[in-house]
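So the structure is just underneath, and the comments pick up after that.
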Amino acid sequence: MQTLFLQLGLPNRPEDVQSFIQSHKPLAPDIPLPHAEFWSASQAAFLREAIEEDSDWCEIVDELDSQLRR
């Protein structure tokens, strides 16, 4: 997860990742992760591409999505 946050240009220490997740959850079930209002345009595009292209990032993006919906 730390590597994904680094890729997204976000603080990536474990406590930063957890703080981000805690402050942005729960994400409504009807909002796709890349459409969440807290992403910049470039972050949303990266997430969308990771999911659509089933890239190497897809699994960790899915994990982030899951954690934001709990």
Side-chain angles (χ1 to χ4, degrees):
M1 190 75 63
Q2 291 174 271
T3 306
L4 175 61
F5 273 62
L6 183 64
Q7 183 69 26
L8 291 169
L10 296 170
N12 69 327
R13 296 177 307 166
E15 56 270 22
D16 296 326
V17 172
Q18 286 308 310
S19 178
F20 179 91
I21 291 168
Q22 291 300 318
S23 67
H24 292 95
K25 73 179 198 177
L27 182 60
D30 60 329
I31 299 174
L33 180 63
H35 294 198
E37 64 183 29
F38 46 82
W39 302 121
S40 70
S42 62
Q43 290 168 330
F46 174 81
L47 294 168
R48 190 171 33 260
E49 289 173 18
I51 295 165
E52 289 173 358
E53 297 175 7
D54 198 25
S55 74
D56 292 341
W57 292 105
C58 191
E59 188 174 319
I60 195 69
V61 169
D62 286 344
E63 177 61 28
L64 176 60
D65 186 36
S66 174
Q67 288 189 30
L68 284 168
R69 294 183 194 278
R70 291 185 194 157

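FYI, the numbering just counts along the sequence from 1.
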Looking only at atom types and distance, does a side-chain atom of [X] sit under 3.5 Å from a main-chain N or O of [Y], one as donor and one as acceptor?
X     : Y     : answer
Arg69 : Lys25 : no
His24 : Phe20 : yes
Trp39 : Ala45 : no

Closest approach of [X] and [Y], non-hydrogen atoms and distance?
X     : Y     : answer
Asn12 : Val17 : O-CG2, 4.0 Å
Leu27 : Ala36 : CD1-CB, 3.8 Å
Ala44 : Pro34 : CB-O, 3.2 Å
Gln43 : Phe38 : OE1-O, 4.2 Å

(request) Would you indicate whether Glu37, at its atom CD, is surrounded by more than 12 heavy atoms from other residues, nucleotides or ligands within a distance under 6.0 Å? (result) no
(message) Are there over 12 heavy-atom neighbours, none belonging to Gln2, within less than 6.0 Å of that residue's CD?
(response) yes
(request) Go through the steps for Thr3 and Trp57 under the test side-chain contact (heavy atoms from CB on, under 4.5 Å), then give the verdict. (result) CA-CA 10 Å; Thr3 306; Trp57 292 105; 3.5 Å; yes
(message) If you define the side chain from C-beta out and look only at heavy atoms, does anything of Gln67 sit under 4.5 Å from Gln18?
(response) yes
Inter-residue atom distance [X].[atom1] - [Y].[atom2], 0.5 Å rounding:
X     : Y     : atom1 : atom2 : result
Cys58 : Asp65 : SG    : CG    : 10.0 Å
Met1  : Asp16 : CE    : CG    : 13.5 Å
Glu49 : Asp54 : CD    : CG    : 13.5 Å
Ile21 : Ser66 : CD1   : OG    : 9.5 Å

(message) Would you say Ile31 ends up clustered with Phe46 if hydrophobic residues are merged whenever their side chains have heavy atoms under 4.5 Å apart, either directly or through other cluster members?
(response) yes
(request) Go through Leu4 and Leu64 one step at a time and tell me if the side-chain contact (heavy atoms from CB on, under 4.5 Å) criterion holds. (result) CA-CA 9 Å; Leu4 175 61; Leu64 176 60; 3.9 Å; yes
